[in-house]
Colleague: 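Pasting a structure here, questions to come.
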Amino acid sequence: MMTFRPVLRWHRPLLVLAAVMVLLVLVSLAGLLVDDRRLLGVSVWLKPLKFGISFTVYALTLAWMLSLVTRGRRIADAAGTAVAVAGLAEVGIIVFQAARGHLSHYNVATDLDDTLWMWMGITIGVLWVATLVLAVVLFFAPIGDQASRWAVRLGVVVALGGMAVGLLMLRPTPEQEAADVETVVGAHSVGVPDGGPGMPLTGWSLTGGDLRIAHFVGMHGLQALPLLAMLMAALAGRGIRLDPVRRARLVLVGAAAYVGLVAVLTWQALRGQPLLHPDPATWAALGLLVVAACVGAVSVLRTPGHR
């Protein structure tokens, strides 16, 4: 019978972070129903909801990865605690600003807003550095089979790249540079103002580029690549010819394709192009990426494996 006891022995601060984020999701859902205030065209509680969901998944994934570490455990535990504290602080500021009906990101309208945005920047920096430390520890951790080992290692690396895409959002737009008074510095939309027509739930722009898409996809490489390794292990257990070496090589192919996808999404956004309306150049890039991934996968499957 499956129990949750092994999960409860994972990194405690990250589990606390995940539990708090689950509560935040419930509170945000209630806020969506009872609070009709809107900011940039959406409910003030949509951003806390999205961050609550994202941090729940992020914290649980890192807690699981830390359970695999045997070498450098103290460093990994300290980095995990730093992630938990910084995550709580960052989301706490987002919730505080949402409750006030104010922007949390890029907001420098008042001294308080400016200070909160500065502290958010510090927490984001701590998150990135702590995740980098975990990536280094995981690269030296003897994790299971080769496929799982590379999936965990490269998943963290891809997530770091996805987090770094957020730096592109800190640049002031031409309109902001031309303004006499700075109230907002930075934007996630390219070519259009933040707050225009957006996709349901995500809010990703329907009229211009949106850097949040590549940011989101990149960060969740943390889950995508380990899930790929787990899927292949399950298929191998059902008799499909996927030996450990083949699975490891397919993880490498998958990681390369995933990085390519993040790059294409970033390039598309920087050209001010909506996700749902790619131009021929974007279609061509995606087509080449799919072909390269398929060629790589077929090459791995046709090459004799080794036990």
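Only heavy atoms go into these numbers, but all of them, side chains included; no hydrogens, no water, no symmetry mates.
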Colleague: For the pair Q97 and D113, evaluate side-chain hydrogen bond (donor to acceptor under 3.5 Å, both in side chains) and give the outcome as yes or no after the intermediate values.
Modeller: CA-CA 8 Å; Q97 289 290 71; D113 293 325; 2.9 Å; yes
Colleague: Side chains of I143 and L138: does their closest heavy-atom pair fall under 4.5 Å?
Modeller: yes
Colleague: Atom CG in L23, atom CE in M21: separation rounded to 0.5 Å?
Modeller: 9.0 Å
Colleague: Flag yes if L132 and V152 sit in one hydrophobic cluster, no otherwise; membership is Ile, Leu, Val, Met, Phe, Trp, Tyr, and two members link when side-chain heavy atoms are under 4.5 Å apart.
Modeller: yes
Colleague: For the pair R247 (side chain) and A147 (backbone), establish whether a donor and an acceptor sit closer than 3.5 Å, ignoring hydrogens and angles.
Modeller: no
Colleague: When you look at T131 and Y58, which way does the side-chain hydrogen bond (donor to acceptor under 3.5 Å, both in side chains) test go after all the steps?
Modeller: CA-CA 11 Å; T131 305; Y58 180 69; 2.5 Å; yes
Colleague: What I'd like to find out is whether the side chain of W64 reaches to under 4.5 Å of the side chain of P226, using heavy atoms alone.
Modeller: yes
Colleague: To the nearest 0.5 Å, how far apart are OG1 in T61 and NE2 in H220?
Modeller: 8.5 Å
Colleague: Using side chain to side chain contact (heavy atoms under 4.5 Å, CB included), reason through H102 and F96 one step at a time and then give a plain yes or no.
Modeller: CA-CA 9 Å; H102 287 224; F96 177 71; over 6 Å; no
Colleague: Applying side chain to side chain contact (heavy atoms under 4.5 Å, CB included), run through L46 and K50 and close with a yes or a no.
Modeller: CA-CA 6 Å; L46 182 59; K50 292 192 293 184; 4.2 Å; yes
Colleague: What's the spacing between L68 CG and R149 CZ if we round to 0.5 Å?
Modeller: 11.5 Å
Colleague: If you measure from OG on S54 to CZ on F216, what distance do you get to the nearest 0.5 Å?
Modeller: 7.0 Å
Colleague: Indicate yes or no: at least one non-hydrogen side-chain atom of S67 is less than 4.5 angstrom from one of H11.
Modeller: no
Colleague: Considering all heavy atoms of both residues, which atom of L160 and which atom of A135 are nearest to each other, and what is their separation?
Modeller: CD1-CB, 4.1 Å
Colleague: Under 3.5 Å, which donor-acceptor pairs do the side chains of residues 250-267 form with other protein atoms, sequence neighbours left out?
Modeller:
unit_1: Y258; atom_1: OH; unit_2: V217; atom_2: O; d: 2.5
unit_1: Y258; atom_1: OH; unit_2: G221; atom_2: N; d: 3.4
unit_1: T266; atom_1: OG1; unit_2: V262; atom_2: O; d: 2.8

Colleague: How close do V95 and W45 get, counting heavy atoms only, and between which atoms?
Modeller: CG1-CZ3, 4.3 Å
Colleague: Crowded around R12 CZ? As in, over 12 foreign heavy atoms under 6.0 Å?
Modeller: no
Colleague: How far apart are the closest heavy atoms of V133 and A79, and which atoms are they?
Modeller: CG1-CB, 3.9 Å
Colleague: Does the plane of the ring in F139 sit parallel, tilted or perpendicular to the ring in W150? Use 30° and 60° as the thresholds.
Modeller: perpendicular
Colleague: Please answer whether the main-chain N or O of L24 pairs with a side-chain N or O of S28 as donor and acceptor at a distance below 3.5 Å.
Modeller: yes
Colleague: Return the minimal non-hydrogen interatomic distance between L32 and S43, and the atom names on each side.
Modeller: CD2-OG, 3.2 Å
Colleague: Should T202 and R212 be marked as a side-chain hydrogen bond (donor to acceptor under 3.5 Å, both in side chains) after you check the CA-CA gap, both sets of side-chain angles, and the distance that decides it?
Modeller: CA-CA 9 Å; T202 63; R212 292 176 298 178; over 6 Å; no
Colleague: Could you state the interatomic distance from OG1 (T123) to CG (L88), rounded to the nearest 0.5 Å?
Modeller: 10.5 Å
Colleague: Could you tabulate the donor-acceptor pairs under 3.5 Å formed by side-chain atoms of residues 193-201, not counting sequence neighbours?
Modeller:
unit_1: D194; atom_1: OD1; unit_2: H188; atom_2: N; d: 3.4
unit_1: D194; atom_1: OD1; unit_2: H188; atom_2: ND1; d: 3.4
unit_1: D194; atom_1: OD1; unit_2: S189; atom_2: N; d: 2.9
unit_1: D194; atom_1: OD1; unit_2: S189; atom_2: OG; d: 2.9
unit_1: D194; atom_1: OD2; unit_2: H188; atom_2: N; d: 3.3

Colleague: So, D243 and R246, do they make that salt bridge, N to O below 4.0 Å?
Modeller: yes
Colleague: Mind checking the CG-CD spacing from L60 to Q223? Nearest 0.5 Å is all I need.
Modeller: 9.5 Å
Colleague: Could you walk me through whether L211 and V190 pass the side chain to side chain contact (heavy atoms under 4.5 Å, CB included) check?
Modeller: CA-CA 8 Å; L211 290 163; V190 180; 4.1 Å; yes
Colleague: Can you confirm whether more than 12 heavy atoms, excluding those of I75, are under 6.0 Å from its CD1 atom?
Modeller: no
Colleague: Counting C-beta onward and ignoring hydrogens, is there a side-chain heavy-atom pair between M120 and I94 closer than 4.5 Å?
Modeller: yes
Colleague: Using a 3.5 Å distance criterion without hydrogens, assess whether the side chain of R249 forms a donor-acceptor pair with backbone atoms of T303.
Modeller: no
Colleague: Measure the shortest side-chain to side-chain distance between W117 and L103 over non-hydrogen atoms and say whether it is less than 4.5 angstrom.
Modeller: no
Colleague: Would you indicate whether D279, at its atom CG, is surrounded by more than 12 heavy atoms from other residues, nucleotides or ligands within a distance under 6.0 Å?
Modeller: yes
Colleague: Evaluate the criterion side-chain hydrogen bond (donor to acceptor under 3.5 Å, both in side chains) for residue pair Q268 and T282; output intermediate values, then yes/no.
Modeller: CA-CA 7 Å; Q268 181 185 23; T282 302; 4.7 Å; no
Colleague: Under the 3.5 angstrom rule, does the side chain of R71 hit a backbone N or O of P142 as a donor-acceptor pair?
Modeller: no
Colleague: Quick one, L134 with L66, criterion side chain to side chain contact (heavy atoms under 4.5 Å, CB included). Give me CA distance, side-chain angles, the key distance, then yes/no.
Modeller: CA-CA 8 Å; L134 289 175; L66 283 177; 3.4 Å; yes
Colleague: Within the 4.5 Å heavy-atom criterion, are V192 and S205 side-chain neighbours or not?
Modeller: yes
Colleague: Looking at D77 and R73, is there a salt bridge between them, counting it only when a charged N and a carboxylate O are closer than 4.0 Å?
Modeller: yes
Colleague: Do you know which two heavy atoms are closest between A99 and R37, and how far apart they sit?
Modeller: O-NH1, 2.9 Å
Colleague: Find out whether Q176 and Y106 are in side-chain contact, i.e. whether some heavy atom of one side chain is under 4.5 Å from a heavy atom of the other.
Modeller: no
Colleague: Looking at every non-hydrogen atom in both residues, tell me the closest pair between M219 and A159 and how far apart they are.
Modeller: O-CB, 3.5 Å
Colleague: W10 versus L62: any side-chain heavy-atom pair under 4.5 Å?
Modeller: no
